[in-house]
Amino acid sequence: MRTPARRSRRTAAVLAASTALLLGLAVAPAADAASRHQHRAATLDDLARQHGRYFGAAVDNPELSDTAYADLLGKEFGATTPGNGMKWYATEPQRGVFDFTAGDEIVNYAKDKGLKVRGHTLLWHSQLPSWLTSGTWTADELRSILKNHITNVVTHYKGKVFAWDVANEIMNEDGTYRENIFYKTIGPSYIADALRWAHAADPKVKLYLNDYNVEGTGAKSDAYYTLIKQLKADHVPIDGFGMQAHLALQYGFPYQMQQNIQRFADLGVDVAITELDIRMSLPSDATKLAQQADWYGQVTSDCLAVRRCVGITLWGYSDRHSWIPSVFPGEGAALPWDENLAHKPAYDAIRNALTAVGS
Ligand code: XIL
């Protein structure tokens with residue numbers, strides 16, 4: 001299905017061209033340009049749709065005022081995720097006082113451009129408001145704070161987001177539970193409860209657990225495999241597993257990524273690649289950019305190879321705006337478009353994977 005915005009653009013051009021024909025007019029240069037626009041190269045999302053998947057990219061609120069940049073988001077992608085706008089610090093800056101300004105701005109932008117929205121994130125150890133982290137809470141108090149947060153945020157975005165990262169980064173590298181404030185105060189039951197509260201507030205939205213370093217097989221993804229299997233056995237509402245996929249050339253490609261995606265699908269959940277970027281130590285060079293392109297193509301093919309891998313979201317799309325340089329000093333160049341919004345080899349590699357015969 002085409003999005004309404006795109007459909008209306010096409011309808012307008014078709015009407016202009018057919019009106020010109022009816023009037024017996026030669027197709028004027030303007031109509032000619034319009035019809036050529038209609039035959040523009042398929043976007044990444046168009047190509048992904050041919051496989052029944054979406055291709056999206058995250059955006060942070062300040063980036064929307066960079067209009068050349070934001071236009072690209074609206075044109076090339078079919079989904080977006082707010083980079084920060086729906087996190088706890090933004091949505092409940094004071095206890096019980098909710099602020100949906102940032103999230104709404106992105107939801108409205110997405111609606112205008114015909115993009116769907118992934119909600120990110122209801123619960124995380126990072127970017128929590130200080131009233132929450134500096135308080136001392138009993139288990140009952142924190143449970144009620146968490147329930148109230150999830151219920152309010154999910155209710156507000158009901159029908160506006162198609163999926164939620166309910167719990168973000170809740171495991172350590174060795175597969176033990178991360179000792180975030182919720183684990184330390186409540187114990188591991190907070191995870192199933194969070195999923196149940198989210199489901200109660202919006203029974204239709206897809207509920208995900210989401211983490212990094214889980215793209216390949218290993219202790220951390222094993223822990224999620226065990227957890228999701230148990231949640232399913234306990235009839236806890238869980239619909240998907242989000243693999244962030246913040247990859248780095250120096251750490252190697254995730255081990256057995258396709259098989260890993262497949263084993264989660266076989267548990268009966270969807271898998272999504274939720275925050276893909278592939279960083280390198282700077283400066284970039286042709287060799288590194290070629291390897292990065294190869295990896296972008298590989299991630300895309302690994303997702304397409306598994307029916308329940310529902311879509312891919314990039315964490316940003318151009319090196320002009322990326323979280324990498326500020327968090328990993330000396331690293332960057334992680335995205336398929338460069339600072340000037342020109343395609344890098346990675347962009348062509350993604351296209352090739354999306355158009356490969358048999359993919
Ligand atoms: C990042 C944002 O992109 C930055 O702007 C912010 O300063 C820190 O968080 N994993 C996640 C995302 O789940 O929420 C993070 O986003 C990147 C790592």
Aromatic plane relationship, [Y] with [X] - under 30° parallel, 30 to 60° tilted, over 60° perpendicular:
X	Y	answer
Trp323	Phe328	perpendicular
His120	Trp315	perpendicular
Tyr225	Phe264	perpendicular
Tyr69	Tyr317	parallel

If we only count heavy atoms from C-beta on, is the [X] to [Y] side-chain gap below 4.5 Å?
X	Y	answer
Arg178	Met171	no
Arg143	Trp197	yes
Asn210	Glu275	yes
Trp124	Lys87	yes
Val166	Val154	no
His246	Arg279	yes
Val205	Tyr157	no
Pro237	Arg196	yes

Are [X] and [Y] linked, directly or through other ILVMFWY residues, by side chains that come within less than 4.5 angstrom of each other?
X	Y	answer
Ile150	Val236	yes
Ile273	Ile324	no
Ile238	Phe162	no
Leu227	Val214	yes
Phe98	Leu142	yes

Does a side chain donor of either [X] or [Y] reach within less than 3.5 Å of an acceptor in the other side chain?
X	Y	result
Asp211	Tyr224	yes
Thr43	Asp46	yes
Glu215	Asn260	no
Gln258	Gln298	no
Glu63	His321	no
His343	Asp348	no
Asn152	Asn148	yes
Thr101	Asp99	yes

Under 3.5 Å: donor-acceptor pair, side chain of [X], backbone of [Y]:
X	Y	value
Asp60	Gly83	no
Glu141	Thr138	yes
Ser221	Gly216	yes
Thr91	Phe100	no
Thr80	Ala57	yes
Asp165	Asn168	no
Lys344	Leu335	yes
Gln291	Ala286	no
Ser65	Pro62	yes
Asn172	Asp174	no

Could you go through the side-chain contact (heavy atoms from CB on, under 4.5 Å) check for Leu115 and Tyr54 one step at a time?
-> CA-CA 10 Å; Leu115 311 184; Tyr54 61 86; over 6 Å; no
Taking all non-hydrogen atoms of both residues, which atom of [X] and which atom of [Y] are closest, and how far apart?
X	Y	answer
Ser301	Ala353	OG-CB, 3.7 Å
Pro336	Tyr347	O-CB, 3.7 Å
Tyr109	Asp71	OH-N, 3.9 Å
His149	Leu122	CD2-O, 3.4 Å
Ala90	Gly85	CB-O, 3.6 Å
Ala265	Val306	CB-CG1, 3.8 Å

Is the count of non-hydrogen atoms from other residues, nucleotides or ligands lying under 6.0 Å from [X] atom [atom1] greater than 12?
X	atom1	answer
Glu339	CD	yes
Lys220	NZ	yes
Lys229	NZ	no

Run the salt-bridge test on Arg308 and Asp270 with the 4.0 Å N-O cut-off and return the result as yes or no.
-> yes
Presence of salt bridge, Asp104 and Lys160, under 4.0 angstrom = no
Can you list the steps and then say if Gln262 with Val271 is a side-chain contact (heavy atoms from CB on, under 4.5 Å)?
-> CA-CA 9 Å; Gln262 185 68 58; Val271 174; over 6 Å; no
Is the distance between the ring centroids of Tyr208 and Trp164 under 6.0 Å?
-> no
Could you give me the CA-CA distance, side-chain angles and deciding distance for Arg263 and Asp222, then say whether salt bridge (Lys or Arg N to Asp or Glu O under 4.0 Å) is met?
-> CA-CA 10 Å; Arg263 72 172 172 152; Asp222 285 352; 2.9 Å; yes
Measure the spacing between CH2 of Trp137 and OG of Ser144 and express it to the nearest 0.5 Å.
-> 9.0 Å
Lys116 to Phe77 six-membered ring, cation-pi geometry met (6.0 Å, 45°) | no
Between Tyr296 and Arg351, is there a cation-pi geometry (under 6.0 Å to ring centre, at most 45° from the normal)?
-> no
Apply side-chain contact (heavy atoms from CB on, under 4.5 Å) to Lys288 and Leu249, showing your working.
-> CA-CA 8 Å; Lys288 291 183 210 171; Leu249 294 185; 4.0 Å; yes
Might you work through the salt bridge (Lys or Arg N to Asp or Glu O under 4.0 Å) test for Asp66 and Arg320, ending with a clear yes or no?
-> CA-CA 10 Å; Asp66 179 349; Arg320 183 187 290 193; 3.0 Å; yes
side-chain contact (heavy atoms from CB on, under 4.5 Å) evaluation trace for Val299 with Leu247 | CA-CA 10 Å; Val299 170; Leu247 309 184; 4.0 Å; yes
